[in-house]
Trainee: 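Dropping a structure here in structure tokens format, bear with me for questions.
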Protein chains: 2
Amino acid sequence: MSDVPRQRRPYAARVPMDVRREQLMDAALAVIVRDGYGGVSVDAVAKEAGVTRPVVYGAFEGLGELLTALLDRQQVRAFGRLLQALPEDADPADPAALVTIGIEQLVTMVREDPDTWRPILQLPEGLPEVVLQRIEADRERVRAIFSGLISSVSANEKGAPFDADLYAHAVLAILEHFGRLLIDDPERFSTERMVDGANRILSLLWR
Amino acid sequence: MSDVPRQRRPYAARVPMDVRREQLMDAALAVIVRDGYGGVSVDAVAKEAGVTRPVVYGAFEGLGELLTALLDRQQVRAFGRLLQALPEDADPADPAALVTIGIEQLVTMVREDPDTWRPILQLPEGLPEVVLQRIEADRERVRAIFSGLISSVSANEKGAPFDADLYAHAVLAILEHFGRLLIDDPERFSTERMVDGANRILSLLWR
DNA sequence: CCCTATTACTACAGATGTGTAGTAATAGTG
DNA sequence: CACTATTACTACACATCTGTAGTAATAGGG
């Protein structure tokens with residue numbers, strides 16, 4: 001049939017390394033969003049980026065390093081928006097208002113840009129060990145913050161202090177769960193409903 | 001070198017189908033516990049069971065069906081123990097006591113037999129779609145039960161009723177999170193600490 | 001004790017993925 | 001405008017997994 005001499009693939013645009021790395025992370029994210037973590041491979045990322053595998057190996061040591069870099073980038077972005085969204089002029093005497101605004105911002109943020117949060121919230125197992133460890137360390141940091149908040153609230157209560165670490169675990173678990181809900185079923189709970197629910201609980205607890 | 005005529009593999013014990021199916025599910029569970037869901041494949045299960053792949057294909061349509069059957073079995077076991085563990089003589093007028101005992105039983109159960117719960121609690125993505133749907137349906141059933149409980153408690157409160165569905169989501173998220181904690185870091189929180197934490201919250205809420 | 005239904009094994013063909021050595025194109029510098 | 005450092009592509013050698021067609025062993029009924 002075709003004794004065409006195996007026509008050469010047209011060269012992808014030549015691009016400096018740091019730009020290529022960004023492109024590849026974008027490609028990896030697109031694959032994750034489309035096919036889930038199960039679909040990510042050096043091969044899939046290369047295809048998505050319109051490039052051959054050796055290019056990927058030129059930019060990253062391997063899949064693990066690529067994913068680590070991606071999570072890093074996404075997490076920086078996510079935290080950036082989070083901090084930027086949180087009110088600076090919060091009244092420390094009115095923690096309920098802070099919670100209300102905080103949750104509202106969180107929900108809005110996840111709704112508007114689910115792709116930033118998806119790789120963080122929908123972690124699969126089977127990722128390189130380093131990646132999982134890093135994520136767990138970050139969670140621990142967030143829990144430490146929560147724990148501090150809970151302790152300070154607890155100090156105003158009568159009776160024994162709360163088990164702040166325990167509750168911090170619970171709070172983060174809930175937040176992550178609702179984050180996932182927002183990502184793969186955004187219609188389920190409205191922002192208003194979540195905020196009201198949280199306030200209702202808090203009003204009962206703080207009285 | 002060796003022109004040994006490829007000595008035949010010794011036959012594995014011939015076993016009737018239903019027994020073989022159990023063995024294969026056991027093997028799959030062992031693989032999951034050892035290597036995580038990422039390590040499961042028809043090949044890995046066959047090796048674990050000391051058998052060749054066609055044997056697996058003889059017992060199940062494929063990996064999806066095997067995993068579905070496994071989850072089914074594990075879930076039946078888990079729910080069985082759960083029901084058996086729950087007190088039959090619960091005083092409906094004292095829901096706090098019920099919660100205390102319930103959590104205690106749950107924690108003990110997970111501690112004593114983590115392998116039963118691991119495949120249920122540590123669900124990865126990337127499982128066959130049917131499996132995920134089944135699990136989600138089961139969760140929904142559990143949430144419905146919680147939702148009912150919350151509603152009935154809520155009815156005794158003054159003011160607007162709780163958003164029972166919302167809280168049911170939160171409660172299940174917490175339970176699953178702590179289940180996972182128990183499985184891969186059993187030292188972290190003692191049974192007593194979890195029970196106390198829950199009671200403390202509930203006492204504040206129910207007053 | 002033999003025969004046959006059941007159960008298990010071998011072997012192959014194909015899909016998808018990894019990682020790398022060798023080669024070709026190109027962008028920018030002198 | 002030619003040269004060279006950078007960047008990209010091809011091709012190969014492996015590895016792992018899937019599914020199935022064909023063949024061999026064995027347990028248990030007759």
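Note: hydrogens, waters and symmetry copies are ignored here, and every other heavy atom, side chains too, is used. In what follows, every chain begins at residue 1, and chains take the letters A, B, ... in the order their sequences are listed.
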Trainee: Counting distance only, does the side-chain N/O of A/E65 pair as donor-acceptor with the main-chain N or O of A/G62 below 3.5 Å?
Mentor: yes
Trainee: If you measure from the Lys or Arg side-chain nitrogens to the Asp or Glu carboxylate oxygens, is any gap between A/R141 and A/D138 under 4.0 Å?
Mentor: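 So A/R141 pairs with A/D138 through a salt bridge.
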Trainee: Report, as a single string ordered 5' to 3', how protein heavy atoms within less than 4.0 Å touch nucleotides 17-30 of chain D: B base, S sugar-phosphate only, - not at all.
Mentor: SBBB---BBBS---
Trainee: Kindly say whether B/G197 contributes a backbone atom to a donor-acceptor pair with the side chain of A/Y167 at under 3.5 angstrom?
Mentor: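 Confirmed, A/Y167 side chain pairs with B/G197 backbone.
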Trainee: Under 3.5 Å, side-chain donor or acceptor atoms of residues 36-47 of chain A against the rest of the protein: list the pairs with distances, not counting sequence neighbours.
Mentor:
{"from": "A/Y37", "atom 1": "OH", "to": "A/P119", "atom 2": "O", "distance (Å)": "2.6"}
{"from": "A/S41", "atom 1": "OG", "to": "A/D43", "atom 2": "N", "distance (Å)": "3.4"}
{"from": "A/S41", "atom 1": "OG", "to": "A/A44", "atom 2": "N", "distance (Å)": "3.0"}
{"from": "A/D43", "atom 1": "OD1", "to": "A/R53", "atom 2": "NE", "distance (Å)": "3.3"}
{"from": "A/D43", "atom 1": "OD2", "to": "A/K47", "atom 2": "NZ", "distance (Å)": "2.9"}

Trainee: When we call it a touch if two heavy atoms are under 4.0 Å apart, what does A/A13 touch: a base, just sugar-phosphate, or nothing?
Mentor: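 Counting heavy atoms under 4.0 Å across all strands, the contact made by A/A13 is with sugar-phosphate only.
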Trainee: Which whole-number value in Å describes the distance from B/F60 CZ to C/dT7 P?
Mentor: 14 Å
Trainee: Within residues 16-36 of chain B, find the residues that approach DNA chain D with a heavy atom at under 4.0 Å, and present them sorted by residue number.
Mentor: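 Nothing qualifies; none.
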Trainee: Under a 4.5 Å cut-off applied to non-hydrogen side-chain atoms, are A/T52 and A/R9 in contact?
Mentor: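 Heavy-atom side-chain distance check passes, below 4.5 Å.
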Trainee: Any Lys/Arg nitrogen of B/D196 or B/R193 sitting under 4.0 Å from an Asp/Glu carboxylate oxygen of the other?
Mentor: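 Salt bridge flag = no for B/R193 with B/D196.
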Trainee: A/P186: which residues meet the side-chain contact (heavy atoms from CB on, under 4.5 Å) condition with it, sequence neighbours left out?
Mentor: A/R111
Trainee: Could you list, one pair per line, each protein nitrogen or oxygen that sits under 3.5 Å from a nitrogen or oxygen of nucleotides 1-4 of chain C, together with the distance?
Mentor:
none

Trainee: Restricting to ring pair (Phe, Tyr, Trp, His ring centres under 6.0 Å), what partner residues turn up for B/H169, sequence neighbours left out?
Mentor: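 In terms of ring pair (Phe, Tyr, Trp, His ring centres under 6.0 Å), with neighbours along the sequence ignored, B/H169 is linked to A/H177, A/F189.
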Trainee: Using salt bridge (Lys or Arg N to Asp or Glu O under 4.0 Å) as the criterion, point out the one residue from A/R20, A/R21, A/R73 that pairs with A/D26.
Mentor: A/R73
Trainee: Could you tell me whether a side-chain N or O of B/R180 sits under 3.5 Å from a main-chain N or O of B/L121, the two making a donor and an acceptor?
Mentor: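 Yes, because the side chain of B/R180 sits within donor-acceptor range (under 3.5 Å) of the backbone of B/L121.
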